[in-house]
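As the structure is a computational prediction, the values presented were derived from the model and not from experiment. FYI, the numbering just counts along the sequence from 1.
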Amino acid sequence: MRREVKYGLIGGSVALVMGVVGGFTLFGGSDGSSPQAVRSADAKSGDGGTDVPTGPLTAKEVNTTAQTFLTAWQSGDVAKAAALTDDPDNAKSALQNFAAQAKFTKVTLKPGTPAGDKVPYTVGTQIDYKSVKTPFSYGSAMTLQRDKKTGKPQVAWQPSTLYPGLGKGDELRTGEAEAPPIKAVDRNGTELTAQDHPTLAGVLDSLRTKYGSKTDGKPGVELYVHRAQAADSNKQQPDKTLKVLSKGTPGTLKTTLDAKLQTAAENAVKGKKQASAAAVKPSTGEILAIANSPADGFNVATQGSYAPGSTMKIVTSALLMDKGLTAPDQKNPCPQYVTVGGWKFQNLNKSQIPDGTFADSFAASCNNAFISHYKDLANDDLTKEARDVFGIGLNWATGIPTFDGTVPVQSDAQMAASLIGQGGVRMNPLNVASIAATAQSGSFHQPFIVAQSLDNRTFAKAAGAMKPDTASNLKALMKLTATSGTGAEAMQGISGDIGAKTGSAEVDNQDKPNAWFAAYRDDLAAAAVVPASGHGGTNAGPLVRAILTAN
């Protein structure tokens with residue numbers, strides 16, 4: 001069931017009731033007049049010598065324009081209300097459809113106390129659908145601005161002016177829901193609810209929107225936000241229930257999630273200002289856990305876009321070994337400095353491994369051992385390895401909205417930075433967990449959260465694979481990192497087929513780097529990011545450890 005969201009009323013000045021027209025209760029201002037352009041202290045001469053007001057809006061302009069807009073809207077004069085905006089055509093269409101689609105009657109609008117050019121207001125109404133009548137209220141706001149051509153105050157029109165969070169093409173609707181509510185269960189049949197797992201609320205909304213009609217459930221009657229269709233299905237946001245008028249019958253939907261691992265992941269990120277984690281099954285690609293802190297925030301675990309830092313060295317290492325440029329026991333110095341395209345790269349704390357092997361540099365995550373190979377690579381080599389071997393940047397049909405990573409073709413210093421997960425490389429914990437899973441299993445399995453058979457969607461497939469020697473050597477490198485390298489502290493005492501990689505991604509204007517950690521244990525791979533926290537092993541490592549040891 002999609003969550004019911006109740007918005008509290010926004011307080012403000014009390015207006016006078018003037019009467020009822022067309023089902024709208026009118027609230028007039030102190031004089032009920034139309035807004036007059038109040039000349040600001042700054043004015044410029046327009047065509048014909050007319051002074052055009054400029055500068056910030058005055059308090060009177062803000063108050064009068066907002067009051068007139070709300071009064072016109074309430075009275076049903078949508079043309080007048082729309083004319084007071086900077087987008088009259090779209091505003092008129094939206095205002096005309098607003099009450100009819102949502103089945104709102106007796107709408108009242110009360111302005112609150114302005115804060116500069118922003119005016120909050122409350123909407124009180126009655127939902128009137130067939131035999132059901134129920135009150136509904138919420139708070140919204142409008143922003144006012146000065147028309148650059150005329151100097152007159154106007155409402156800066158946005159769909160969210162009607163209701164908070166509405167995007168272009170979104171609508172408020174009341175009627176039979178487009179999909180039945182779902183009873184989502186994990187791989188073992190345990191029910192997963194937004195109450196028990198708040199971080200899954202958006203995921204469950206997405207699953208209901210996409211797969212509710214494929215269950216044996218029956219839709220109920222709801223007031224809901226109907227989302228516009230996105231051109232990219234991976235960016236499609238789910239409909240959102242605002243009020244349930246009559247409950248439907250939930251249909252059971254089986255997911256790949258594991259309730260035990262899901263709880264472990266949630267507990268691991270809980271309490272951190274920002275943190276996200278994801279876990280997958282390497283042999284199949286099944287998504288086992290998704291967690292974010294804050295739990296009700298953006299789903300960074302599957303839709304985030306961060307530089308992955310040194311966790312990218314898993315991909316870079318596979319590339320270098322596939323091309324025969326290095327091997328674990330081969331001498332591969334890590335100099336203190338490397339200059340590329342005018343950029344001078346240095347290792348953490350200006351460290352170096354002058355006579356070390358590639359395994360030494362991987363385990364210590366020594367940047368310049370990787371960057372020094374930029375001259376041996378074509379600009380698109382890393383992009384191809386990431387896409388054709390690890391599946392990064394392909395269109396993943398997971399069953400929920402995801403960002404599937406990007407490793408753009410770059411040159412010179414930017415390409416060199418990409419080798420260590422900086423530059424234009426962007427990923428999220430699900431992407432990085434999948435990279436670790438590919439390293440563990442030796443081949444890419446596209447992550448997914450519901451069975452392919454539900455809608456016969458096409459899974460992404462990698463065009464190639466690591467050479468056998470590369471696959472075994474990569475696992476050896478990751479095991480070394482987990483047992484005696486930068487990942488050893490987080491992985492201490494964990495048995496089985498293990499491997500790990502730390503990452504610390506530098507971000508401009510940020511005191512501490514984003515901490516990353518990716519690891520696997522047998523047929524379980526996980527990754528986590530803790531933004532602006534510092535070293536990956538220390539800050540993100542414990543989150544991944546909690547997931548790997550919960551199985």
Looking at side-chain heavy atoms only, is the closest gap between [X] and [Y] below 4.5 Å?
| X | Y | value |
| --- | --- | --- |
| L207 | V450 | yes |
| H197 | T263 | yes |
| L319 | D381 | yes |
| V225 | L166 | yes |
| I392 | I435 | yes |
| D170 | P159 | no |
| L474 | M321 | yes |
| S418 | M312 | no |

Open item on the list: Run the side-chain hydrogen bond (donor to acceptor under 3.5 Å, both in side chains) test on T316 and K313 for me, step by step, so that the C-alpha distance in whole Å, both residues' side-chain angles and the decisive distance to 0.1 Å come before the verdict.
Closed with: CA-CA 5 Å; T316 301; K313 291 173 184 172; over 6 Å; no
Open item on the list: Apply salt bridge (Lys or Arg N to Asp or Glu O under 4.0 Å) to residues D380 and K384 and explain how you reach the verdict.
Closed with: CA-CA 6 Å; D380 62 351; K384 289 179 178 178; 3.3 Å; yes
Side-chain donor-acceptor pair under 3.5 Å between [X] and [Y], yes or no?
| X | Y | answer |
| --- | --- | --- |
| K512 | N539 | no |
| S361 | N332 | no |
| T209 | D239 | no |
| K475 | S472 | no |
| T190 | N188 | no |
| E286 | T284 | yes |
| S434 | N431 | no |

More than 12 heavy atoms of other residues, nucleotides or ligands under 6.0 Å from [atom1] of [X]: yes or no?
| X | atom1 | value |
| --- | --- | --- |
| K479 | NZ | no |
| Q452 | CD | yes |
| K375 | NZ | yes |
| D511 | CG | no |
| E191 | CD | yes |

Atom pair [atom1]/[atom2] of [X] and [Y] - distance to nearest 0.5 Å:
| X | Y | atom1 | atom2 | result |
| --- | --- | --- | --- | --- |
| C334 | Q352 | SG | CD | 8.5 Å |
| S206 | I449 | OG | CD1 | 9.0 Å |
| C366 | I353 | SG | CD1 | 4.5 Å |
| L480 | D360 | CG | CG | 7.5 Å |
| D216 | K183 | CG | NZ | 10.5 Å |
| K260 | L288 | NZ | CG | 13.0 Å |

With a 3.5 Å distance limit and no angle check, can you tell me whether [X] reaches the backbone of [Y] through a side-chain donor-acceptor pair?
| X | Y | result |
| --- | --- | --- |
| T199 | N292 | yes |
| R426 | G423 | yes |
| D329 | A359 | no |
| D522 | D497 | yes |
| T215 | G217 | yes |
| N299 | V203 | no |
| N368 | Q336 | yes |
| S351 | L348 | yes |
| R387 | L394 | no |
| N428 | F403 | yes |

Open item on the list: For a side-chain hydrogen bond (donor to acceptor under 3.5 Å, both in side chains) check, start with the C-alpha distance between S411 and N379, then their side-chain angles and the critical distance, and finish with the verdict.
Closed with: CA-CA 5 Å; S411 61; N379 289 341; 4.7 Å; no
TODO: Hey, can you tell me if F459 and F448 have their rings parallel, tilted or perpendicular (30° and 60° cut-offs)?
DONE: tilted
- [ ] Could you tell me how the ring of Y224 sits relative to the ring of H226: parallel (under 30°), tilted (30 to 60°) or perpendicular (over 60°)?
- [x] perpendicular
TODO: Please determine if E222 and R208 form a salt bridge, counting it only when a charged side-chain N lies under 4.0 Å from a carboxylate O.
DONE: yes
Open item on the list: Between E178 and R173 (salt bridge meaning N to carboxylate O under 4.0 Å), is one present in this structure?
Closed with: yes
Open item on the list: For a salt bridge (Lys or Arg N to Asp or Glu O under 4.0 Å) check, start with the C-alpha distance between D523 and K281, then their side-chain angles and the critical distance, and finish with the verdict.
Closed with: CA-CA 6 Å; D523 202 16; K281 189 176 179 67; 3.1 Å; yes
- [ ] Apply the test side chain to side chain contact (heavy atoms under 4.5 Å, CB included) to residues T193 and L200: give CA-CA distance (whole Å), side-chain angles for both, the deciding distance (0.1 Å), then the verdict.
- [x] CA-CA 8 Å; T193 67; L200 289 179; over 6 Å; no
Task: Row check, F362 ring normal vs K501 NZ/CZ: under 6.0 Å, within 45° - done: yes
- [ ] Show your reasoning for whether side chain to side chain contact (heavy atoms under 4.5 Å, CB included) applies to Y138 and K243.
- [x] CA-CA 11 Å; Y138 63 91; K243 192 174 184 68; over 6 Å; no
TODO: Could you please spell out the steps behind the salt bridge (Lys or Arg N to Asp or Glu O under 4.0 Å) verdict for K331 and D355?
DONE: CA-CA 7 Å; K331 287 291 183 182; D355 299 314; 5.9 Å; no
Of all the heavy-atom pairs spanning [X] and [Y], show the shortest one and how long it is.
| X | Y | result |
| --- | --- | --- |
| P219 | A177 | CB-O, 3.5 Å |
| S276 | P429 | O-CG, 3.8 Å |
| A433 | A278 | CB-O, 3.7 Å |

TODO: Check the pair D455 / R457 against salt bridge (Lys or Arg N to Asp or Glu O under 4.0 Å), numbers first and verdict last.
DONE: CA-CA 5 Å; D455 53 357; R457 63 194 187 280; 2.9 Å; yes
Open item on the list: One pair to check against side chain to side chain contact (heavy atoms under 4.5 Å, CB included): M478 and Y520. What are the steps and the verdict?
Closed with: CA-CA 9 Å; M478 293 187 68; Y520 58 78; 3.8 Å; yes
Open item on the list: What verdict does the side chain to side chain contact (heavy atoms under 4.5 Å, CB included) test give for I287 and L257, after you've listed the backbone C-alpha separation in whole Å, the side-chain angles of each residue and the deciding distance to 0.1 Å?
Closed with: CA-CA 6 Å; I287 298 173; L257 296 170; 4.1 Å; yes
TODO: Measure from the ring center of F345 to the ring center of Y337 and say whether it is less than 6.0 Å.
DONE: no
